[in-house]
Structure formats: structure tokens, C-alpha cells
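Naming convention: chains lettered A, B, ... in sequence-line order (proteins, then strands); numbering from 1 in each chain.
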2 protein chains.
Amino acid sequence: MLSKQQLIEYSEDARKNYVNHISIDCVVFGFHEGQMKVLLLKTNDEEKWYLPGGFVLKEEHIDNAAVRILQERTGLDKIFLQQFRVFGDPDRSKFHNDMYVGMLPKEENWFSGRFISIGYYALVDFFDVTPHPDQFSELCAWRDLDDMPEMQLDHEKIYKSALDALRLQLNYQPIGYNLMPREFTMPELQKLYETILGKKLDRRNFQRRILGFGILNRSEEPRKGGAHKAPYLYSFDMENYQNALTEGFKGGW
Amino acid sequence: MLSKQQLIEYSEDARKNYVNHISIDCVVFGFHEGQMKVLLLKTNDEEKWYLPGGFVLKEEHIDNAAVRILQERTGLDKIFLQQFRVFGDPDRSKFHNDMYVGMLPKEENWFSGRFISIGYYALVDFFDVTPHPDQFSELCAWRDLDDMPEMQLDHEKIYKSALDALRLQLNYQPIGYNLMPREFTMPELQKLYETILGKKLDRRNFQRRILGFGILNRSEEPRKGGAHKAPYLYSFDMENYQNALTEGFKGGW
DNA sequence: ACAAAAGTGTTTGATATACACCCATGT
DNA sequence: ACATGGGTGTATATCAAACACTTTTGT
């Protein structure tokens, strides 16, 4: 919880530096141990979680604002980011209104105004992320997609909308480069798709299909030391991958 | 061209009523005589055209703002509208800056600030539209998609982006209800698809496919009086159409 | 030897593509 | 009669779905 003095300072600082009425909310997807995860923040004195977010500097491109915000929360530099929607309901509670209502007169509290939020989703490598709480939070942590906590404001709507957008993207773009380690096995990649889609896929058909896209290279050497038959390792062929990103495929799962 | 006095009034009015820093730009697609058209505005003293647009009232949902703006420009009430992207480059010229720079000191000119624009596209029935110029324009008119004039600001980028989004939508949603008259022939509908996609389609395959979606009803009576074999008339089956809108198809053209 | 994971191939049905002929109408 | 636009069907290729057996390895 911020003190009144801190709130005043943040408010003045924000008024000076940020574009008013615009916020950015990011849904950061990671993948670990066969689970899709979303990066969330939580204050210590509230049970509600919220999405990493922030504001746009006065001379900053909105896409750069999203990059900057995510860099602050994750430490990551190169992030796959996709703008997916704007949330512009006047009743989507004003930013942090719940938390700091009454502490400052409305005129002095920059955060109390109406905010129209631009939603981005990000795909990141779970292991590369070092979660950093922001000024309003004490905790920044991954949460399983199938065990999401209650969330502030309209953030539940936002992350669900992000998931829909991600599923749509699956149909015409490759994903995975940003979510998987450099080398991975076919079953691991399949797990990623299954998690995003929320349904099981046939191993054989999955393999045929994904190989058909021509975006994977298979290593000579299978992974050893596992308890079972040694699986092959794959990595993305970046040239074809990039190409597929811009060209898009036909597909549909 | 506005007088200085008018500009001052508009500026004060806008400051009072609208959310600052947010604008809305609409790409209105219509279809007439086998041509895809976009509704544009033009001032009398500038050769550059621009998209219908406006601002968001302080307590208004952004989607409603788009509806209101289009209603003002087209007279239409029920419009198929789709948010497709936000344009947030700080250098996308500030709204109407070119036109009214120097007329008012920056502080007094609400329009001179930075605007982040939310892009919507709309599909409308050409014949239902009565184009109304806005306060800044003398002309509001349809322009052919393949004969688009030079445009202000980043509006060329915006309408191209809208067209991309529309083409994407073609792959998983029915369109046409909003663009075609109540009754139409199969070749007419095909022409619409061809225009949006910018390529020719096979008559027989088009028909099979579109009928397969199950969103069309064929009238008993073919259209008469044409110069050739009388074509059947179709109309959309609204129940199935609405269903397909929410469910989406698999497809891909 | 067996349980568990991973590799691989075939058959079947559906959908997309390509293509050609007949019909109705006005001139 | 013919030119033009419109209606319809079939054969082929391609792709998605369903499905089962074999291999490897640790226990």
C-alpha cells in the first residue's frame, strides 16, 4: 500500500510524464512443466491480482510503451508482443480507484481518471523471466492458466480476450519460438499447443502437420538420459519461421 | 476552413466533452457496381482526404463513440463495426495539426495534442448511406478502393490495415449481410468477395462453398428482366448468419 | 519382462481445385 | 443464330482424422 505522500508523488510524476487517459495492460504467457502460465501482480493487502500494466510516455510509441513495461516486469529485452484489443468501457473501474479512492481529492489524483486500456499479449520463455513487482505490488508471479485467481477491474476479461486472440493466431501463424527453449522435443511442443487450445491433439497428426510447415529442424542427436525411448530434439528454423510469421499459413486446429 | 473563432469554440467544446488524447478513425466499406468503396472526407481547400473520425465523450464507451461518429457521417443506425487496431505512433501528425497550426497557441488548441487513434472498420449498405460532411470538411463521398486519393496523416496506413483485417475476417466469419442489398444473386455476392480479396474466384466452387455455410436462403422466384438467363435471388438466413458470426467457420480463401 | 514414452504409416472421408457443358434471354 | 450470363456436376488431388504397432530404455 502506498502512503499518501507516495501517492501524491506518483500522481504528479505521472501527470508530468504520461499521456493521460491511456493505459496499457499486458497478458504475458509463459509455458512451464506442461502448464500455460500468466504473469500477474498482487498487492500485499488485497486479495485481488492484476495484470502487468502501465502508461505511455508523452513522446513514446504505444508499442514501445508495452515493451518498456514488460521489460520492467520481466527483465526481458526482446519480447514477442501483439496488440489485440482496446478496452474502452467508461465503467471499467478507473485505474486503482478501488485502492486509493478517498486518499486524494480527485483533481490531484491522476490515476482516478478514466483510462482506456490497450491490451497486448506477450509470449515469453518462462526461464528467461525474472518477475519484478511494480510500485503498487509486493508480488509478481506466474499463475497457472487453469488456476487463475480473482482479478481486479476488468482484468479477467482482458486475459480471456488475450487467450482468444492467441488461439486465433495459432491458426495462421507459428508460435512457440518465444515460448519454448532453444531445443525441445515434439511431445513438448505438442503440449504447448494442447495447453493453449485446451484440448488434446493426436500425436501423429500433430507431428505431420507441424513438420509440414517446414519451420523445424531436427538435431542429429536425440536427447539422452530420459527414462524412456530417447526423443529427437528440434529447434526452429528461424528463416522459415520468420517467413511463416509474415506470410501466415492456412491451417486451423 | 474554420475561422479562428470557430476553432476556439470547437476547441473549448472538445475539451469540455471529450476524452483527451484519444481519437477514433473509421474505415467504412461499401459495395456498389462491383466496386469496393471507402467513405472519405475532404476539405475544400486541401487536396488531401481523410477518414471519418472523431472523439470519445467523457462517459462514453469507445464502441459507442464509433457508432455515434458513423451515424453522424452516414445517417445509419445499425452498423457492423469492428475494432481492428490502435495507431499510437507519437509522430502520426497530431490531429488536424497541419490545418490549424499557428492559428491558436498550442495550449488553447485542444486538437493540437497527441492523439492515439483507435481504428474501426464498418461494413455498410451503399444505398443506405447519406454522406454528411463534418465540421472540418465540405465533402463526404465514396471513393473506389482501387482509386484512392492521397490522404492526410497516417490515414492511408489505417485503411490498408483495415483492409487486411477485413480479409482476415473473411476466413472465419460471414460477411455480406451488411454490404449487400436484402436480395442479391450469387454472382453479385461473388463479386463482393472477389473485390475484397482482390482476386478472381471460380464460380462453381464459390457457390458450393458459400452454400455449404448454410447462411443463404434461395427465393422461389428468379430475378426477371435481365438481359440473360434469370439468376436466382438469395438472402441471408439471419439466424444461421448470426450463429456463424459468433461461431466462425474454418475456411480460408 | 514389462511399463512408459516415442517413433512411424495407412486407410478413410472431407474438402478444395480444376474443369466443361447446358440453359435462358435479348438482340 | 448467337453472344452473354447463369446454372449445374464430376474427377482428382490434397488434407484432416482416426487408428495400431514397433522401438527404446529404465526398473
- For W142(A), the ring-ring contact (aromatic ring centres under 6.0 Å, His included) test, sequence neighbours excluded, returns F126(A)

- Message: Rounded to whole Å, please give me the gap between CD1 in I210(B) and P in dG7(D).
- Response: 14 Å

- Could you tell me which residues satisfy side-chain contact (heavy atoms from CB on, under 4.5 Å) with T185(B), sequence neighbours excluded, listed by chain and number? P187(B), E188(B), R223(B), P231(B), L233(B)

Under 3.5 Å, sequence neighbours excluded: what are the donor-acceptor pairs made by side chains of residues 28-42 of chain A?
from	atom 1	to	atom 2	distance (Å)
Q35(A)	NE2	D146(A)	OD2	3.3
K37(A)	NZ	D144(A)	OD1	2.7
K42(A)	NZ	E46(A)	O	3.4

- Query: What is the distance, rounded to the nearest whole Å, between atom CG of L189(B) and atom P of dG5(D)?
  - Reply: 19 Å

- Item | Distance, rounded to the nearest Å, where R209(A) contributes CZ and dA18(D) contributes P | 13 Å

Considering only distance and modelled atom types, tabulate donor-acceptor pairs under 3.5 Å from the side chains of residues 173-180 of chain A, sequence neighbours left out.
from	atom 1	to	atom 2	distance (Å)
Q173(A)	OE1	Q169(A)	NE2	2.9
Q173(A)	NE2	L245(A)	O	3.0

- Message: Aromatic contact between Y159(A) and Y50(A), with the criterion being ring centroids under 6.0 Å apart: yes or no?
- Response: no

- Message: What is the distance, to the nearest angstrom, from the CG atom on L233(A) to the C1' atom on dG7(C)?
- Response: 14 Å

- Query: Starting at CD of Q207(B) and ending at P of dG7(D), how long is that distance when rounded to a whole Å?
  - Reply: 6 Å

- Figure out the CD/P separation between Q190(A) and dA5(C), and round it to whole Å. 13 Å

- Item | Residues that E72(B) engages under side-chain contact (heavy atoms from CB on, under 4.5 Å), provided they are two or more places apart | R68(B)

- Note on the structure: Whole-Å distance, L201(A) CG to dA18(D) P, equals 11 Å

- Would you mind building the protein contact string for nucleotides 19-27 of chain C? One character per nucleotide, 5' to 3', B for base within reach (heavy atoms under 4.0 Å), S for sugar-phosphate only, - for untouched. BB--BBBS-

- Query: Can you tell which of dT8(D), dA16(C), dA6(C) lies closest to the side chain of R218(B)?
  - Reply: dT8(D)

- Here the distance between atom C1' of dA5(C) and atom OH of Y232(A), to the nearest Å, is 14 Å

